[in-house]
Amino acid sequence: MAAYDRIFNFSAGPSMLPVSALERAAKEMMNYGGSGMSVMEMSHRSKAFQQIFDDTQAKLRRLMNVPENYKILFLQTGASGQFSMVPLNLIGKTGKADYAVTGNFASIACKEAKKYGEIHVAASSEDQNFTYIPAQDQLQLSPDASYFYYCANNTIYGTEWQYIPETGDVPLVCDMSSDILSRQVDVSKYGLIFAGAQKNMAPAGLTVVIIREDLAGHELPYTPLMMNYQTMIDKDSMYNTPPCWCIYMLGLVLDWLEEQGGVPGMERIKHQKAQMLYDVIDSSRLFTAAAQPGSRSDMNVTFRTGNEELDAKFVAESVKAGFSNLKGHRKVGGMRASIYNAMPMEGVEKLCDFIRAFDKNN
Ligand SMILES: *Cc1c(COP(=O)(O)O)cnc(C)c1O
């Protein structure tokens with residue numbers, strides 16, 4: 001880190017990328033693989049780019065153990081675009097869907113879906129300001145739902161589902177934007193998984209969708225061409241120009257992930273980082289974690305002192321100490337440390353030291 005004067009950036013997204021991926025991108029910037037140009041300048045129809053695209057897709061399939069009957073799509077319009085695309089494509093089956101509302105992005109997705117069908121809130125944790133994840137027996141499931149929607153990790157509130165909901169024959173749709181590739185996921189349990197890339201995967205501008213093939217092709221008749229999964233499946237995400245640079249960067253990040261021991265390796269590392277941070281918060285005098293035990297996120301650690309002035313002091317001093325983006329989201333207040341895959345262990349250790357010192361001195 002020191003070689004570049006980089007700081008520990010705890011941003012909720014876009015967030016840190018692995019140094020090795022950035023270094024490789026820098027090295028290949030002026031002339032990618034003897035092509036005489038950067039990946040940014042390449043035709044998406046060129047052989048060189050097609051190779052990058054195919055390799056990246058294959059790496060992701062391997063790392064996540066994506067079964068054969070699932071397609072991996074590289075799309076745009078962010079994770080938020082999926083809030084519309086999911087109902088447009090999937091709700092037609094019965095006209096109904098179940099949503100678990102456990103945070104900001106799940107709320108937005110739920111509200112958007114109401115434009116396209118009958119939406120049933122199967123569970124909500126709004127009664128306690130989204131500090132917990134409902135248990136399986138609290139889910140009020142509709143047997144005739146076209147799908148069950150949930151958000152695996154609530155980026156703003158700092159809660160994370162610790163189990164995969166059991167919904168029988170109703171396909172699971174999951175927003176994994178902020179914890180994809182940080183833990184092992186049995187893709188075969190899902191109908192559709194999506195994630196904006198800018199937290200754990202790549203720069204902003206790419207949205208990854210993993211969809212069970214048979215779920216596509218049943219879109220509502222007025223579904224825009226570009227929001228139809230089938231359009232993108234038929235053209236392998238290249239109906240139009242894909243986010244080429246981001247796809248290339250994802251490939252580099254996946255190479256790095258492989259070196260961490262793949263997803264199982266990453267899972268161990270990220271859990272160790274989060275545990276270290278929660279332990280320091282729990283054993284402090286001043287700080288409390290915002291999320292309830294059993295629902296805590298390993299990616300976004302939300303905490304506070306309970307005193308707004310003291311929180312502000314913490315944030316101000318943290319900036320001086322070389323940390324950035326520790327201020328919590330305005331909906332939660334306090335602090336939030338986003339410790340995605342690329343946050344080095346050293347960054348979390350230093351933050352723990354800083355919290356301990358602040359706790360002692362205030
Ligand atoms: C960041 C985030 C989003 C929004 O992503 P965009 O790509 O900006 O649309 C949606 N869901 C979750 C869980 C997120 O963390």
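Note that this is a predicted model, so its numbers are computed, not measured. We count ligands from 1, going down the list as the structure has it; atoms in each ligand are counted the same way. The analysis underlying the following values was restricted to heavy atoms, covering all of them including side chains, and did not include hydrogens, waters or symmetry mates.
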Where on Asn154 is there a heavy atom closer than 4.0 Å to ligand 1, on the side chain, on the backbone, on both, or on neither? neither
Where does Ala204 meet ligand 1, judged by heavy-atom distances below 4.0 Å: at the side chain, the backbone, both, or neither?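 Neither; no heavy atom under 4.0 Å.
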Examine Tyr32 together with Phe49 and report whether their ring centres are nearer than 6.0 Å.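 No, the ring of Tyr32 stays outside the 6.0 Å limit from the ring of Phe49, centre to centre.
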Tell me if the centroids of the rings in Phe74 and Phe53 come within less than 6.0 Å of each other. yes
Numbered atoms of ligand 1 (with element) below 4.0 Å of [X], judged on heavy atoms:
X	value
Gln198	5 (O), 6 (P), 7 (O), 8 (O)
Ser178	13 (C), 15 (O)
Gly78	7 (O), 9 (O)
Asn153	13 (C)
Thr155	12 (C), 13 (C), 14 (C), 15 (O)

Indicate yes or no: does [X] engage [Y] in a salt bridge with an N to O separation below 4.0 Å.
X	Y	answer
Arg304	Asp311	no
Glu23	Lys27	no
Lys350	Glu346	yes

Should [X] be counted as touching ligand 1, given the test is an N or O pair under 3.5 Å?
X	answer
Thr77	no
Ala79	yes
Lys199	yes

Relative to the ring of Phe358, is the ring of Phe287 parallel (under 30°), tilted (30 to 60°) or perpendicular (over 60°)?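 Ring orientation, 0 to 90° scale: tilted.
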Test log, rule salt bridge (Lys or Arg N to Asp or Glu O under 4.0 Å), inputs Asp359 and Arg356: CA-CA 5 Å; Asp359 191 53; Arg356 271 191 221 98; over 6 Å; no
Cluster link Val39 to Met201, ILVMFWY, side chain under 4.5 Å: yes
Any heavy atom of Thr207 closer to ligand 1 than 4.0 angstrom? no
May I ask whether Cys151 has any heavy atom positioned less than 4.0 angstrom from an atom of ligand 1? yes
Decide side chain to side chain donor-acceptor pair (under 3.5 Å) for Asn341 and Ser182; before the verdict, give the C-alpha distance in whole Å, the side-chain angles of both, and the deciding distance to 0.1 Å. CA-CA 6 Å; Asn341 286 355; Ser182 76; 4.8 Å; no
Among all protein non-hydrogen atoms, which one is nearest to [atom], and what is the separation to 0.1 Å?
atom	result
atom 9 (O) of ligand 1	Ser80 OG, 2.6 Å
atom 11 (N) of ligand 1	Asp175 OD2, 2.6 Å
atom 4 (C) of ligand 1	Phe105 CE2, 3.6 Å

Over-ring placement of Lys199 relative to Phe105, 6.0 Å and 45° cut-offs: yes
